[in-house]
Structures are given as C-alpha cells and as structure tokens.
Amino acid sequence: MDDARTMTAEVDRRTAEGADLSPLIDMAMSIQFAALTSLRTPYVGLLWGNFRDRYQQGTEAPPVPPQFEMFGGPAGIGGPQFTIQLNALVPRIIFEGVDGDVLLHVQQDRLIMGWRRYPTGRPYPGYVALRDRFMEEVRVVEGFLKAEGLGEIRPNQCELTYVNALLLPGETAIHEHLDSVTPMWRPIDTGLPFDSALLQNRYVISSGSEQTGRLYTTFSPAVLTATGEPNYQLEIVARCRPSGETVDAAFATLDSSHDLIGRAYKSVTSSVVRTSGGV
C-alpha cells in the first residue's frame, strides 16, 4: 500500500512539472480487402499525385500477409491464421506524412494508417482525428480506383492496434514487477529470482451469436529507444470482420474496436500505470 501511494505521488509530481507521461508510442488502423491484382506499383505512384501535398514520396516494403480470424475448426494456439499467397508479391508502399508522425501504407489488399510518437515527439492527436484522416485518404483511393478502372475496395477484415510503453514512476526494475503493471499477473515463488515475463491473452469478439473476431493483449519487457527507460510494452490488437463489404461498415467496425480496446486497457492495467495512459 505504501509503495502504491509513493508511485501515485510520483505521477502527481511529474504531472505538475509538465512531464509528458502519455505512454502511447504507436497506433495503427487497417482495412483489409479482396486483392486488387491490377493495383501494381506504377499505379500506386500515380495515386501519390492525389495527396502529395501531405505525404512524401513512398518507399517500398514487403506486403503485410492477409490475416483472418478463423472459427469452427480445431482450437488454435497463438495469433491469427495466415493465407499463403502463391502469386508474385507486389510491394507495400509507405507514404510518410509531411508532419513526420503519420504513415499511410498502400498495398493490393490493404490500406493502413499509422501514427508514431517518435521521432517527432508530437502528442497523440486522438483516435477521432486519425480516423477522420484515414477516412479521407480511403475515399481518395476509392476515387482513384474508380477513375482508373482498377476495381473497388471490398473489406473483409479490420484491425486496430495500440502500443503503450508502461512505466512505474520511480521504479527502474519494472521488468521484475509485472504484478504492479497488470492485475492479470501474480508472481509465483519458484525458489529463483524472478526476472521478467511475457504475457498474452486473447478474447473472442462477437456480434449477437456470431463470432466475428478476436482481441489480443500482450505485455512484453522492453526498453524505450528514445530514453533508455525500461518498460513493459502493452500491445492491444482488435481484429474483426466487418458487417458488410463496404468502407462504411469497415469504419463502423474500427469504431467499435476502439471502444473494446478502451475497456480492455482499463481492465488489464493497474491504476498506477493507467494514470499516465489511455487509448
């Protein structure tokens, strides 16, 4: 109890001094859809002309594999199942926003908007602002696809990810105190000194009686690259099938996923680390 009061007092002190305690370091929202095989790299280059005022020229990266949450078969272990692509892989193009903290990823079967705290150090603008910006860019892509006769976006999975760096104020050995970070962990005496833990849980998302997706929470020991501070990295991912193959249905799914992640964050983090965080 005394330790908890000390940690809370340290949070209050750092807040009063104006320290940025927000632990969110990355977030991303993604719409996956039936592959547009005609959308090859030269067309993506042409697409850039529609938003070059707010994004720098793109760089190539390997495509993100298709991901589907599967139900009804043998119980799986670990993450989602992947679909193997047998055709030649067309690279993912990553456009970096001129502001430096927003990234737009374009590939044949997926659009992703990501936000990162580093290297700019800018505050998180909030889900609504990023969601509205992503919607604007998706509409631009839709218009381009229609104008070029390349097909249409037919969403089949949506994904929302938040990555938080959780700190215990005044505690440098946080990796030894996962029980202070989350109520989901309790240390067990094995006769050996505890070093650190990796903790992952997954939950089923349903719409009525139908299973439509999963939510994952993962606590991993990490070190902040920018400051060198040891922390527990909490990644929360909601991956879900939209109610229909439309962009509006996809964004409705992202919105409901954001609500689920917000509730999950409050449930799986302790009040001490929650003082400085959120989604």
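Side-chain contact check for Thr212 versus Glu69: every heavy-atom pair is 4.5 Å or farther apart. Side-chain atoms of Leu111 and Glu137, non-hydrogen and from C-beta on, never get closer than 4.5 Å to each other. In this structure, Ile93 and Glu60 have side chains that are in contact, with non-hydrogen atoms separated by less than 4.5 Å. With a 4.5 Å cut-off on side-chain heavy atoms, Leu130 and Val102 count as touching. Within the 4.5 Å cutoff, no side-chain heavy atoms of Arg131 are placed close to those of Leu254. Counting heavy atoms from C-beta outward, Leu198 and Thr218 have side chains that approach closer than 4.5 Å. A 4.5 Å side-chain heavy-atom check between Asp26 and Thr161 finds every atom pair outside the cut-off. Using a 4.5 Å heavy-atom threshold, the side chains of Val90 and Val44 count as separate.
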Applying side-chain contact (heavy atoms from CB on, under 4.5 Å), run through Leu150 and Leu36 and close with a yes or a no. CA-CA 7 Å; Leu150 299 176; Leu36 301 170; 5.8 Å; no

Step-by-step side-chain contact (heavy atoms from CB on, under 4.5 Å) determination, Glu152 to Glu245: CA-CA 10 Å; Glu152 60 181 349; Glu245 295 184 339; over 6 Å; no

Passes side-chain contact (heavy atoms from CB on, under 4.5 Å), Tyr43 versus Gln108? Steps please. CA-CA 11 Å; Tyr43 276 111; Gln108 286 188 328; over 6 Å; no

Under the criterion side-chain contact (heavy atoms from CB on, under 4.5 Å), I'd like the reasoning laid out for Gln67 against Arg110: C-alpha separation, chi angles, the key distance, then a yes or no. CA-CA 10 Å; Gln67 297 176 323; Arg110 189 186 291 257; 4.0 Å; yes

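Side-chain atoms of Arg122 do not come within 3.5 Å of backbone N or O of Pro119 as any donor-acceptor pair. In this structure, the side chain of Arg92 engages the main chain of Pro62 through a donor-acceptor pair within 3.5 Å.
A salt bridge links Arg139 with Asp248: at least one charged nitrogen is closer than 4.0 Å to a carboxylate oxygen. Salt bridge absent: Glu136 and Arg133 never bring a charged side-chain N and a carboxylate O closer than 4.0 Å. A salt bridge links Glu210 to Arg241: at least one charged side-chain nitrogen sits closer than 4.0 Å to a carboxylate oxygen.
In this structure, Glu148 CD and Ser38 OG are separated by 11.0 Å, a value rounded to the nearest 0.5 Å. Atoms CE and CZ, from Met70 and Arg214 in turn, are 9.5 Å apart once rounded to the nearest 0.5 Å. The line from OH of Tyr55 to CG of Asn50 is 12.5 Å long, rounded to the nearest 0.5 Å. From Phe219, atom CZ reaches atom CG of Leu178 across 6.5 Å, with rounding to the nearest 0.5 Å. Note: Leu199 CG to Thr217 OG1 = 6.5 Å, rounded to the nearest 0.5 Å. Summarising the geometry, atom CD belonging to Gln32 is positioned 9.5 Å from atom CD1 belonging to Ile112; distances are rounded to the nearest 0.5 Å.
Residues Leu160 and Ser257 share a closest heavy-atom pair of CD2-C, 4.0 Å. The two residues Pro125 and Trp115 have their closest heavy-atom pair at CD-NE1, 3.4 Å. Taking both residues in full, the closest heavy atoms of Ser243 and Ala249 are given as OG-CB, 3.8 Å, listed atom of the first, atom of the second, then distance. Shortest non-hydrogen contact noted between Ile174 and Glu171 is N-CG, 3.9 Å. Across all their heavy atoms, Tyr265 and Pro23 have their closest contact at OH-CG, 4.2 Å. Smallest separation of non-hydrogen atoms from Asn156 and Ala34: ND2-N, 3.4 Å.
A single hydrophobic cluster is seen to contain both Leu166 and Phe194, as judged by linkage of ILVMFWY side chains at heavy-atom distances under 4.5 Å, directly or through other members. Val106 and Ile94 end up in different hydrophobic clusters when Ile, Leu, Val, Met, Phe, Trp and Tyr side chains are linked at under 4.5 Å. Each of Ile25 and Val223 belongs to its own hydrophobic cluster when Ile, Leu, Val, Met, Phe, Trp and Tyr are linked at side-chain heavy-atom distances under 4.5 angstrom. With hydrophobic clusters built from ILVMFWY side chains whose heavy atoms lie under 4.5 angstrom apart, Leu103 does not share a cluster with Trp48. With hydrophobic clusters built from ILVMFWY side chains whose heavy atoms lie under 4.5 angstrom apart, Met113 shares a cluster with Val140.
Using a 3.5 Å distance cut-off with no hydrogens or angles, the side chains of Tyr124 and Asp101 do not pair a donor with an acceptor. With hydrogens and angles left out, the side-chain atoms of Asp109 and Gln107 include a donor and acceptor closer than 3.5 Å.
Using bins of under 30°, 30° to 60° and over 60° for the plane-to-plane angle, the ring pair Tyr162/His258 lands in the tilted bin. Taking the six-membered ring for Trp and thresholds of 30 and 60 degrees, Tyr232 and His175 have ring planes more than 60 degrees apart, a perpendicular arrangement.
A cation-pi arrangement is absent between Arg52 and Phe95 under the rule of less than 6.0 angstrom and at most 45 degrees off the ring axis.
Applying the 6.0 Å contact sphere to CG of Asp53 captures more than 12 heavy atoms from other residues, nucleotides or ligands.
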